[in-house]
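Report on the following structure.
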Amino acid sequence: MMLGFLLARMGVDVVVLEKHGDFLRDFRGDTIHPSTLEVIAELGLLELFLRRPHDEVEELAGQIGGETLTIADFRHLPTRCRFIALMPQWDFLDFLSVHGSRYQGFRLMMEATATGLIERDGRIVGVRAATKAGEQEILADLVVGADGRHSTLRALAGLKVKDLGAPMDVFWMRITRRGSDPEQTFGHIEPGRIFVMLNRRDYWQCAFVIPKGSAESVRARGLDAFRAEIAGLSPFLADRVRELGDWDQVKLLTVAVDRLERWYRPGLMCIGDAAHAMSPIGGIGINLAIQDAVAASNILGPPLLAGTLADAHLARLQRRRELPTRLTQGLQVLLQRRVIGRVLARNQPIAPPAVLRLVQRFPILRRLPARLVGMGFRPEHVLTPEARAAPRRSVAENN
């Protein structure tokens, strides 16, 4: 959606396919980091964006055993927004689609699913899509696979995936939040268990981290046992865990960390999770995908406009984005192995590691994890101009 918006803004005709009839998917990444907010500011849309309902997180904290520790402080970042914005992803997608629709070249097709690639002389020249009106063929100078960690397009293209492994899966759920609850978004670590709570004003979006492949054994112990574990980790939720009336309210996210060896074929480029599935650690995935989109518009937009797009441009985009991807995934894998995997495998009391003790003693050190999470490696900036002074129609943003 972001790439479609950026390309249409500079004058490229785009078609964005969305397989659902709306954006109302629960438990998607809702953390909009300072790097993404900076992109929105560069587009001149920050004020409108922040009018939409959201929460602002200036610090990240964690509870290890009985101790609460501040891990990251975003208030000193060299950006316009020194916080993480918590906004439902459906609002974010709707915002982009509303503003993308201002431009003549932007076309969004809802309830349209790419089911096949159209190939001619070894080059991808379009997709076949199942739509409300039946199967359609959509021809294009470039097909972008941005269809997530289980990407259909990358599978159809035969692109090789390198699996980096993940020791955990995640159960996602929501539980009512009350005014007397803590304000802060935080994680809770106990031997064998990790529980993360995101403050969504009237409810908590909760992640219960489990060892990889153990979902069925957790379900087999029963919903009462699961609710009791949650109440044990966050006692103030004890009178609300009954809201989880059946397992349908507890969604399983199968965690994968992988990346393509090659992100493209002639006529096809993968970005976001389709190119590199990220761990949920730090909520980085959506923001890394946005950085891919900005880099893609900067690198691919001009040759698309000129009709000169070549494989060399696709290779250049991969080179641009592969290093920050590798560094981010390397850090995530390190945390998975050294922290999460060990916590999930333990049944002995856990003490905060020495590095976190140091961060508590010297608050200035909290700026480093804030920089890594909030800005990432090699943040991108919008370098392309807006092509049309008179967009297709004006947009009213009253949210």
Side-chain angles (χ1 to χ4, degrees), residues 1-2 22-41 45-63 68 70-77 79-98 170-188 194-209 234 236-237 240 243 251 253 272-273 278-291 366 369-376 379 397 399:
M1 189 73 78
M2 175 63 88
D22 56 46
F23 301 127
L24 299 176
R25 308 279 81 72
D26 240 345
F27 309 125
R28 287 184 172 180
D30 294 347
T31 54
I32 313 300
H33 288 195
S35 59
T36 298
L37 294 169
E38 191 72 10
V39 168
I40 294 171
L45 298 174
L46 183 61
E47 182 181 351
L48 290 174
F49 184 76
L50 294 179
R51 288 181 192 173
R52 295 216 168 193
H54 70 283
D55 293 290
E56 298 178 2
V57 176
E58 295 180 335
E59 293 182 331
L60 289 182
Q63 189 171 348
T68 299
T70 301
I71 300 169
D73 183 350
F74 301 101
R75 291 173 294 187
H76 305 279
L77 291 177
T79 62
R80 274 166 275 205
C81 296
R82 298 179 176 125
F83 54 82
I84 289 176
L86 296 179
M87 178 184 291
Q89 196 175 113
W90 57 77
D91 276 333
F92 187 23
L93 290 171
D94 181 67
F95 181 86
L96 294 178
S97 68
V98 164
V170 179
F171 279 126
W172 282 102
M173 71 218 80
R174 62 167 64 187
I175 299 175
T176 298
R177 182 179 178 276
R178 295 178 181 164
S180 58
D181 289 352
E183 289 286 337
Q184 201 166 32
T185 291
F186 62 92
H188 191 143
I194 300 174
F195 191 57
V196 179
M197 302 175 64
L198 302 179
N199 181 349
R200 302 313 310 273
R201 296 189 179 185
D202 57 348
Y203 68 91
W204 292 103
Q205 184 168 315
C206 305
F208 192 99
V209 183
S234 295
F236 64 87
L237 296 179
R240 281 163 270 170
E243 294 173 359
K251 309 297 183 182
L253 169 66
D273 271 6
M278 309 301 292
S279 167
I281 294 173
I284 292 172
I286 179 177
N287 300 281
L288 203 66
I290 294 296
Q291 299 300 307
R366 300 170 191 173
R371 181 68 183 245
L372 292 175
V373 171
M375 300 301 296
E397 267 283 350
N399 292 290

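We number each residue from 1, following the sequence as shown.
Of the possible donor and acceptor atoms, none in the side chain of His33 sits under 3.5 Å from a partner among the backbone N and O of Ile284. Not one N or O on the side chain of Thr79 forms a donor-acceptor pair closer than 3.5 Å with the backbone of Pro34.
In terms of the side chain to side chain donor-acceptor pair (under 3.5 Å) criterion, residue partners of Asp73 (sequence neighbours excluded) are, by chain and number, Arg75. Residues forming a side chain to side chain donor-acceptor pair (under 3.5 Å) with Arg80 (at least two apart in sequence, or on another chain): Glu38. With sequence neighbours excluded, no residue forms a ring pair (Phe, Tyr, Trp, His ring centres under 6.0 Å) with Phe74. Partners of Asp181 by side chain to side chain contact (heavy atoms under 4.5 Å, CB included), not counting sequence neighbours, listed by chain and number: Arg177, Arg178, Trp204, Phe236, Arg240. Applying the side chain to side chain contact (heavy atoms under 4.5 Å, CB included) rule to Leu45 yields the partners Phe5, Ile40, Leu43, Leu48, Phe95, His99; only residues at least two apart in sequence or on another chain are considered. For Pro369, the side chain to side chain contact (heavy atoms under 4.5 Å, CB included) criterion is met by Ala72, not counting sequence neighbours. Checked against side chain to side chain contact (heavy atoms under 4.5 Å, CB included), Asp273 has the following partners two or more places apart in sequence or in another chain: Arg149, Met278. The side chain to side chain donor-acceptor pair (under 3.5 Å) check on Glu56 picks up His54, with sequence neighbours excluded. In terms of the side chain to side chain donor-acceptor pair (under 3.5 Å) criterion, residue partners of Thr176 (sequence neighbours excluded) are, by chain and number, Glu243.
Taking both residues in full, the closest heavy atoms of Leu77 and Gly374 are given as CD1-CA, 4.4 Å, listed atom of the first, atom of the second, then distance.
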Yes or no on side chain to side chain contact (heavy atoms under 4.5 Å, CB included) for Leu60 and Arg366, after CA distance, side-chain angles and deciding distance? CA-CA 9 Å; Leu60 289 182; Arg366 300 170 191 173; over 6 Å; no
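The shortest distance between side-chain heavy atoms of Phe49 and Thr36 does not fall below 4.5 Å.
Atom CG of Leu86 is separated from atom OG1 of Thr31 by 7.0 Å, given to the nearest 0.5 angstrom. Distance CG/Leu93 to CE/Met2: 10.0 Å, rounded to 0.5 Å. One distance of note links CE of Met1 with CG of Leu96; it measures 6.5 Å at 0.5 Å rounding. We find the CG-CE distance between Leu50 and Met87 to be 7.0 Å, quoted to the nearest 0.5 Å. Here the straight-line distance linking atom OH of Tyr203 with atom CG of Leu198 works out to 9.0 Å at 0.5 Å rounding. Here the CE atom belonging to Met197 is positioned 4.5 Å from the OG atom belonging to Ser234, to the nearest 0.5 angstrom.
Around atom CZ of Arg371, no more than 12 heavy atoms belonging to other residues, nucleotides or ligands sit under 6.0 Å away.
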